[in-house]
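Below: one structure, written as structure tokens.
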Amino acid sequence: MNVIYLRTFFVSYVLFIALCAVVIGFLWWQNRKRHPEIALWLTNYILQFIAILLVTFRGLIPDFFSIILANVFIIGGTIIFYTGLCRYLGKEPRQWHNFIMLFVFTLLHAYLTYIYPSAAWRTINQSVAVIFICSQASWLMLKRE
């Protein structure tokens, strides 16, 4: 049975995110005056690219970069993307709850990395944070409130 090597998967994912960042970069360049919020989408893709690149080098670089910082970039980038989506739709929601969640997420991720090491709980922490942000984006797109 052939099993895909995990690092190969991450390298292909890095290339895919880089391609997406390039496409969004061109869209931003063409529409930056009419829709400046596309810069937030581009920022998200750049953060996602850096995060996945850091995860790809796990074991070669310190855990702080490949676990803590990479995951903060993923969640922070998603918050930035949500903010850009809100602005694109003409909404200006308060983001304080998302930044509090990012702070709590970071502290919990550091705890689950250094004090009580558990990849399973880190995955749960990551999933809850993504669901928290994506549910807001879903509500925004469904209700536009």
Side-chain angles (χ1 to χ4, degrees), residues 3-29 31-32 35-145:
V3 178
I4 187 167
Y5 185 54
L6 196 55
R7 197 167 307 263
T8 304
F9 170 76
F10 278 114
V11 168
S12 63
Y13 193 53
V14 165
L15 295 174
F16 175 73
I17 292 292
L19 178 64
C20 289
V22 167
V23 170
I24 292 291
F26 282 127
L27 289 173
W28 170 77
W29 184 257
N31 299 297
R32 66 187 181 280
H35 298 289
E37 58 278 346
I38 295 176
L40 295 172
W41 301 353
L42 177 60
T43 303
N44 168 52
Y45 276 102
I46 291 170
L47 287 174
Q48 300 291 332
F49 172 75
I50 294 169
I52 298 301
L53 195 62
L54 289 172
V55 170
T56 302
F57 291 119
R58 186 170 289 167
L60 301 174
I61 60 175
D63 286 346
F64 175 78
F65 296 107
S66 65
I67 297 174
I68 307 289
L69 195 59
N71 286 293
V72 169
F73 282 175
I74 289 170
I75 299 300
T78 307
I79 291 171
I80 291 170
F81 181 78
Y82 171 66
T83 303
L85 187 62
C86 289
R87 289 184 184 172
Y88 186 78
L89 295 173
K91 310 287 184 197
E92 276 297 327
R94 294 183 184 95
Q95 295 293 327
W96 59 268
H97 60 284
N98 286 332
F99 294 115
I100 290 172
M101 184 273 306
L102 181 63
F103 179 73
V104 170
F105 167 82
T106 305
L107 289 179
L108 189 55
H109 225 67
Y111 175 80
L112 294 171
T113 300
Y114 296 115
I115 298 171
Y116 182 76
S118 173
W121 281 105
R122 282 197 312 261
T123 302
I124 292 170
N125 186 36
Q126 180 85 18
S127 299
V128 168
V130 168
I131 288 170
F132 184 76
I133 299 164
C134 290
S135 63
Q136 293 174 65
S138 296
W139 185 258
L140 175 72
M141 297 307 292
L142 291 172
K143 297 294 183 179
R144 302 219 177 189
E145 294 177 1

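All residue numbers in this chain count up from 1 along the given sequence. All of these numbers come straight from a predicted model, not from anything done at the bench.
- Rounding to the nearest 0.5 Å gives a distance of 14.5 Å between CZ of Phe99 and CZ of Phe105.
- Ring centers of Tyr116 and Trp121: at least 6.0 Å apart, outside the cut-off.
- With Asn31 contributing its side chain and Leu27 its backbone, the two residues share a donor-acceptor pair below 3.5 Å.
- Within 6.0 Å of CZ in Phe103 there are 12 or fewer heavy atoms belonging to other residues, nucleotides or ligands.
- Expressed to the nearest 0.5 Å, how far OG1 of Thr43 lies from CD of Glu37 amounts to 12.0 Å.
- In this structure, the separation between CD on Gln126 and CD1 on Ile131 is 11.0 Å, given to the nearest 0.5 Å.
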For a side-chain contact (heavy atoms from CB on, under 4.5 Å) check, start with the C-alpha distance between Leu40 and Phe81, then their side-chain angles and the critical distance, and finish with the verdict.
CA-CA 6 Å; Leu40 295 172; Phe81 181 78; over 6 Å; no
Evaluation steps, side-chain contact (heavy atoms from CB on, under 4.5 Å), between Asn44 and Tyr82:
CA-CA 9 Å; Asn44 168 52; Tyr82 171 66; over 6 Å; no
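- When atom types are taken as modelled, the side chain of Arg58 and the backbone of Val55 share no donor-acceptor pair closer than 3.5 angstrom.
- Distance check: Cys20 SG to Leu42 CG gives 11.5 Å after rounding to the nearest 0.5 Å.
- A heavy-atom distance below 4.5 Å is found between the side chains of Gln95 and Asn98.
- Using cut-offs of 30° and 60° on the angle between ring planes, the pair Trp41 and Tyr88 is tilted.
- Here the side chain of Arg122 pairs a donor or acceptor atom with the backbone of Leu112 at under 3.5 angstrom.
- Ile38 places none of its side-chain heavy atoms less than 4.5 Å from the side chain of Arg32.
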Carefully, step by step, assess Leu85 and Met141 under the rule side-chain contact (heavy atoms from CB on, under 4.5 Å).
CA-CA 9 Å; Leu85 187 62; Met141 297 307 292; 3.9 Å; yes
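- Atom OH of Tyr13 sits in a sparse spot, with 12 or fewer heavy atoms from other residues, nucleotides or ligands closer than 6.0 Å.
- Tyr111 places none of its side-chain heavy atoms less than 4.5 Å from the side chain of Leu107.
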Side chains of residues 69-80: which donor-acceptor partners sit under 3.5 Å, not counting sequence neighbours?
residue: Asn71; atom: ND2; partner: Ile67; partner atom: O; Å: 2.5
residue: Asn71; atom: ND2; partner: His109; partner atom: NE2; Å: 3.1
residue: Thr78; atom: OG1; partner: Ile74; partner atom: O; Å: 2.7

Could you please spell out the steps behind the side-chain contact (heavy atoms from CB on, under 4.5 Å) verdict for Arg87 and His35?
CA-CA 9 Å; Arg87 289 184 184 172; His35 298 289; over 6 Å; no
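- Between Met101 and Ile133, some side-chain heavy-atom pair lies under the 4.5 Å cut-off.
- Side-chain contact between Asp63 and Ile68 is absent, with no heavy atoms from C-beta onward closer than 4.5 Å.
- Closest of all the heavy-atom pairs between Leu140 and Cys86 is CD2-SG, 3.6 Å.
- From Ile24, atom CD1 reaches atom OH of Tyr45 across 5.5 Å, with rounding to the nearest 0.5 Å.
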